[in-house]
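Everything below concerns the one structure shown next.
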Amino acid sequence: MTAVADVQSTLARLRQEVCSLHEQLTRYQLVVWTAGNVSARVPGHDLMVIKPSGVSYDDLTPENMVVCDLHGKVVDGEHAPSSDTEAQAYVYRHLPDVGGVVHTHSTYATAWAARAEPIPCVLTMVADEFGGDIPVGPFAVIGDDSIGRGIVDTLRESRSPAVLMQNHGVFAIGPTARAAVKAAVMCEDVARTVHVARQLGAPVPIEQARIDALFDRYQNAYGQR
Ligand SMILES: [Zn+2]
């Protein structure tokens, strides 16, 4: 295949993948209206594929996904890209191992963000998936690099693939877009469970050595080999 044909086939695959991953956001009730989005890095190219802005989840197609460069400029697409494109582009520029980014305002996780309170590591699932507390990032608004910088600065200090941006919502990352969606789904699930646990008392912390062992086992040995 020529280099051009090669990138075209990769883009076709990623348009399909990013489009269909949005079905998981609605399936797990992480989003309402048009808020929330998934993007994927185009491996080997300074490009990303992201949801179009303001298009209903029911109307998403592989064709209306938008291809942008890693500064958020549209390279291919008829729609404007998601308003979170600049933040996600910043993440791809600064975290080279990240292949996918997801953003939601999922209810329970965002309630923790509203209090600027990290989700404590009080479940084995939090240790497995997040390696410790799910951290809070700074208050930041759309318009400059501050959301992207807040995500990157917070996640660099943590093993967690998700950050609760203060007063805003969840940004999740992963080696693939699918992994980032999984982190967003798990983040909401543990946010809800720990919220419920709090209603009848103080959840019991897990000691650090056990968190480390759980995280190591889940990241390196769990699942199908
Ligand atoms: Zn948002």
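In this text the structure is predicted, and so the values were computed from the model without any measurement. Counting convention: from 1, in listed order, for ligands and their atoms alike.
The side-chain hydrogen bond (donor to acceptor under 3.5 Å, both in side chains) with R15 is formed by just one residue from the set N64, D76, T61; it is D76.
For the Zn ion (ligand 1), the set of protein N/O/S atoms nearer than 2.8 Å consists of H103 NE2, H105 NE2, H168 NE2, ordered by chain and number.
Residues satisfying the side chain to side chain donor-acceptor pair (under 3.5 Å) test with R159, not counting sequence neighbours, are D212. For R192, the salt bridge (charged side-chain N to carboxylate O under 4.0 Å, His left out) test picks out D189, with sequence neighbours left out.
Residues R41 and D97 are not paired through a salt bridge, judged by the lack of any N-O separation under 4.0 Å between the basic side chain and the carboxylate.
Between Y90 and H94, the two ring planes are parallel [angle under 30°; tilted spans 30° to 60°].
Identified under the side chain to side chain donor-acceptor pair (under 3.5 Å) test for residues 77-87, with sequence neighbours left out: N37-S82, N37-D84.
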